[in-house]
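For ligands, and for the atoms within them, numbers begin at 1 and follow the listed sequence. Throughout, numbering of the chain's residues begins at 1 and tracks the sequence.
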Amino acid sequence: MPTGPGDVLALIRAGEATTRGALLEQTGLSRMTLSRRVDTLLSAGLVVDDGGAGASSGRRARLLRFHADHAKVVAVAVDTTHARIALTDLVAQPVAVEEIALDVTDGPAPTLAAITAAVTALLERTATPVSSVCGFGLSIPGPVDPLTGRPNQPPMMPGWDGYPMADEVAAALPGIPVVTANDADAAAIGEERSRPSTTRAMCLLKVATGIGTGIIIDGRPYRGLDGGAGDIGHVRLRDHPDALCQCGARGCLAAVASGRAVAAKLRERGIPAQSGRDVGRLVAHGNADADQLTREAGQLIGEVLATVVCVLNPEVVVVGGAMSSAPLLAGLRETLYRLTPARATRHLTLEMGRLGDDAAVVGLAHAVVDEVFSAAAVNARLGA
Ligand SMILES: [Zn+2]
């Protein structure tokens, strides 16, 4: 196996080998070569030697750790009505978070300009020099082509199809690599990494102003041929042929069960609400109409989720997004368990996300660090 400094760092980062002894065993390198690799990582500041651990018993193996504060990551999760902007360390812990209001239907240029201005202001406010930022993660509520990193016919984002969003961000923050993703995929990565152990198969269901899923198989996101994997919001339901969706079609799941759809039903009852977030707030405050309509939305989404569960056979479905709540989960359970054979749900856990609103920014930060500190990237920078 290749055993440059990047490969040694990969073992340390993954927690697979965190002492020199374990690294010798795993890499098969000579003691002298391994020592050189570790010294390279130490002097580059990528690894810290926990020399103090057990200092009184000097023979205890010294632990090597990935240096979480070596650099920072900027992560921006764009949603339909706002963007969440986070500055994180290299283990994806947010050190500063803020939100700005926006409207993705304004198009990419003004949206991205508002984002880069807010990021610049956040860096200034936290006294973070641009030179200490190692990467920028950007997610959008629509499919992202895995090859080009550009939006791929996002149903709710007019004007964004094929837009070079990474180039535009990179022009505003020169020299910083940009990683782009679909928001449900990013949230799935964040939630999966926050679990105590790797899941063989996981599905994140995001229910907010739109509906989508992110799929993780063997610890890695599965994005499909053109980034559309898991985009279940626009599956047509048989019983709702007239419901007009924001994508222009009729009868989509999102047209009847998204936060936008539930908000519209609440307005018909005289309750002001515009977005999935408004619906989530009403549910949290015990509004009975919002509770009932959210549960009904859960039942409809469960009908489509039943097929997802039968195809993927996941260990866990994590429910995130602004509408994630007890009534939503109750509704999902009702149809999901009714429409699937017992075998398909025998080992399935259906649960709320652990990261709340931070899921996508945390997932983006992991994705950026995985890319910038991959074995190949580190070997290229430090010399294999
Ligand atoms: Zn649609």
Side-chain angles (χ1 to χ4, degrees), residues 77-82 102-108 111 139-145 150-163 181-188 203-215 223-268 273-280 293-294 296-309 311 319-324 328 331-332 335-336 339 360:
V78 179
D79 216 319
T80 48
T81 57
H82 61 275
L102 51 78
D103 184 346
V104 288
T105 63
D106 288 343
T111 304
S139 68
I140 58 163
V144 172
D145 189 306
R150 296 183 183 192
N152 190 359
Q153 301 187 344
M156 302 194 298
M157 302 174 70
W160 288 74
D161 184 30
Y163 195 82
N182 164 263
D183 62 354
D185 290 349
C203 170
L204 177 123
L205 169 67
K206 180 193 171 192
V207 186
T209 298
I211 298 170
T213 66
I215 299 160
R223 292 176 293 191
L225 180 65
D226 64 6
D231 193 16
I232 62 168
H234 305 278
V235 171
R236 314 274 163 78
L237 302 183
R238 196 178 50 186
D239 297 337
H240 304 273
D242 299 327
L244 180 63
C245 183
Q246 210 191 352
C247 74
R250 286 181 189 274
C252 297
L253 176 64
V256 289
S258 67
R260 184 180 300 270
V262 173
K265 290 175 193 170
L266 284 166
R267 288 199 302 277
E268 284 170 17
Q274 296 295 330
S275 63
R277 191 166 262 205
D278 293 342
V279 177
L293 291 169
T294 298
E296 288 172 10
Q299 292 167 348
L300 290 167
I301 298 166
E303 290 183 18
V304 176
L305 191 63
T307 302
V308 174
V309 162
V311 170
V319 183
M323 283 182 43
S324 176
L328 185 76
L332 285 168
T335 43
L336 177 62
L339 296 175

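- The distance from atom CH2 of Trp160 to atom CG of Asn152, rounded to the nearest 0.5 Å, is 14.5 Å.
- At distances below 3.5 Å, not a single donor-acceptor pair connects side-chain atoms of Ser139 with backbone N or O atoms of Asp183.
- More than 12 heavy atoms of other shown residues, nucleotides or ligands fall within 6.0 angstrom of atom CD in Glu296.
- By the side-chain hydrogen bond (donor to acceptor under 3.5 Å, both in side chains) test, Asp231 pairs with no residue at all, sequence neighbours left out.
- Excluding waters, the count of protein N/O/S atoms less than 2.8 Å from the Zn ion (ligand 1) comes to 4.
- Checked against side-chain hydrogen bond (donor to acceptor under 3.5 Å, both in side chains), Arg150 has no partners two or more places apart in sequence or in another chain.
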Identify each donor-acceptor pair in which a side-chain atom of residues 236-252 lies under 3.5 Å from a protein atom, sequence neighbours left out, and give them as a table.
residue : atom : partner : partner atom : Å
Gln246  : OE1  : Arg260  : NE           : 3.2
Gln246  : OE1  : Arg260  : NH2          : 3.3
Arg250  : NH1  : Asp242  : O            : 2.8

